[in-house]
Chemist: 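Could you have a look at this structure, given as structure tokens, before my questions?
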Amino acid sequence: SENYKYSNMFNRRDKIIKKDGVKPTDLEEEVAKSISSLESNNKDLKAHLAIIFINSVENVEFERADGSAAEYLLVKIPHRSHGALKKVGKLVIDKLEKQFEKNVLVVANRTIISCHAKHHPSQMRPRSRTLTSVHAEILNDIVFPSNISGRSTRVSIEGKKTHKVMLDPLDKDLMDDKLDAITHAYHKLTTHKISLGYSRPSVFEQKILDTRAAKN
């Protein structure tokens, strides 16, 4: 997934990195302009925004848990942009969600190295490139700006496994509207199904939640 070169149609400032000869879509150009605009208007964050590029943007239609139709943007970025996105990702996502009026999920492209891949006996397969590790990192990406605070697996009488992922309870107001999009995107990217919820707040976290509720 790192075998991308800068498109001849765009300079570095324009933010789109495609495989040779692949023309960016209108949607990708719109997203690229938005990120470039953020870079121009946020001098203090320019160092991070300058190294955020996009590989692709897809408008995904899906059905929410209540049966209603919805859409989200799935933005794929080069892995080299991942560190910078962790620092300014909320700014980028907030701007795109406001502009496109839908949830925006961002995921870094990663290469999975099969355990059956041929390599020299002295070479170890990086743990960060195993299927399990890549799937875990995909989930970390798409729940951003929240964090995973717990996981559990339940097995039904029929032997069917259900993976429950818990998010930070302090992010509930921020994330509630995104949960259906995140579960759909994770299944789309990995073929695995998960359910999302929130960890039980600690005493300290509950005090923060109570203070917020009192202000509202």
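Index from 1, following the sequence.
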Chemist: Checking the side chain of K46 only, and the main-chain atoms of S40 only, is there a donor and an acceptor separated by less than 3.5 Å?
Modeler: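 Answer holds: no.
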Chemist: Got V92 and L49 here, is their nearest side-chain heavy-atom distance under 4.5 Å?
Modeler: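 V92 vs L49: side chains touch.
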Chemist: State whether the number of non-hydrogen atoms from other residues, nucleotides or ligands found under 6.0 Å of D44 atom CG is greater than 12.
Modeler: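 Enclosed: over 12 neighbouring heavy atoms sit under 6.0 Å from CG of D44.
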Chemist: Could you check if a side-chain atom of L73 sits within less than 4.5 angstrom of a side-chain atom of L27, using non-hydrogen atoms only?
Modeler: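 Touching, per the 4.5 Å side-chain cut-off.
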Chemist: Should the heavy atoms of other residues, nucleotides or ligands under 6.0 Å from NZ of K164 be counted, would the total exceed 12?
Modeler: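 Yes - once you tally the heavy atoms of other residues, nucleotides and ligands closer than 6.0 Å, there are more than 12.
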Chemist: In terms of heavy-atom contacts, does CZ of R64 have more than 12 from other residues, nucleotides or ligands at under 6.0 Å?
Modeler: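 Yes, CZ of R64 has more than 12 neighbouring heavy atoms, counting only those of other groups under 6.0 Å.
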Chemist: Using modelled atom types only, decide if a donor and an acceptor are shared between the side chain of S81 and the backbone of F53 within a distance under 3.5 Å.
Modeler: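 Here the side-chain-to-backbone pair exists.
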Chemist: Quick check: does any side chain N or O of S37 sit under 3.5 Å from a backbone N or O of K33, one acting as donor and the other as acceptor?
Modeler: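 No.
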Chemist: Identify the two heavy atoms, one from I52 and one from K15, that lie closest to each other, and give their separation to 0.1 Å.
Modeler: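 Result for this residue pair: O-CD, 3.0 Å.
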Chemist: So which atom in E28 and which in I54 form the shortest heavy-atom distance, rounded to 0.1 Å?
Modeler: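 Closest approach of E28 to I54: O-CD1, 3.5 Å.
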Chemist: Kindly state each residue pair satisfying ring pair (Phe, Tyr, Trp, His ring centres under 6.0 Å) with at least one member in residues 188-214, sequence neighbours excluded.
Modeler: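 Output for this query lists H135-H192.
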Chemist: Under 4.5 Å between any side-chain heavy atoms of L167 and I148, yes or no?
Modeler: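 Side-chain contact under 4.5 Å: yes.
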Chemist: Test your reading of the model: is there a side-chain donor-acceptor pair from K95 to the backbone of K90, 3.5 Å cut-off?
Modeler: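 Side chain of K95 to backbone of K90: no pair is present.
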Chemist: Report the C-alpha separation of R151 and L139 in whole Å, then their side-chain angles, then the decisive distance to 0.1 Å, and conclude whether the side chain to side chain contact (heavy atoms under 4.5 Å, CB included) test is met.
Modeler: CA-CA 12 Å; R151 300 171 189 261; L139 187 56; 3.7 Å; yes
Chemist: Are the side chain of N109 and the backbone N or O of P78 linked by a donor-acceptor pair below 3.5 Å?
Modeler: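 Such a contact is absent between N109 side chain and P78 backbone.
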Chemist: To the nearest 0.5 Å, what is the distance between CZ on R80 and CD1 on I51?
Modeler: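 So the CZ of R80 and the CD1 of I51 are separated by 10.5 Å.
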Chemist: Could you please spell out the steps behind the side chain to side chain contact (heavy atoms under 4.5 Å, CB included) verdict for S146 and L174?
Modeler: CA-CA 8 Å; S146 189; L174 178 69; 5.7 Å; no
Chemist: Do E205 and D168 have side chains that get closer than 4.5 Å, going by heavy atoms?
Modeler: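 In short, these two side chains touch, coming nearer than 4.5 Å.
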Chemist: Testing the basics here: between I93 and V106, what is the closest heavy-atom pair and its distance to 0.1 Å?
Modeler: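 The pair with the smallest heavy-atom distance is CG1-CG2, 4.0 Å.
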Chemist: Answer yes or no: is there a side-chain heavy-atom contact under 4.5 Å between K188 and E58?
Modeler: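 Yes, close enough: below the 4.5 Å cut-off.
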Chemist: Grab the two heavy atoms, one from Q206 and one from P201, that are nearest each other, plus how far apart they are.
Modeler: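 Scanning both residues, the minimum pair turns out to be OE1-CG, 3.5 Å.
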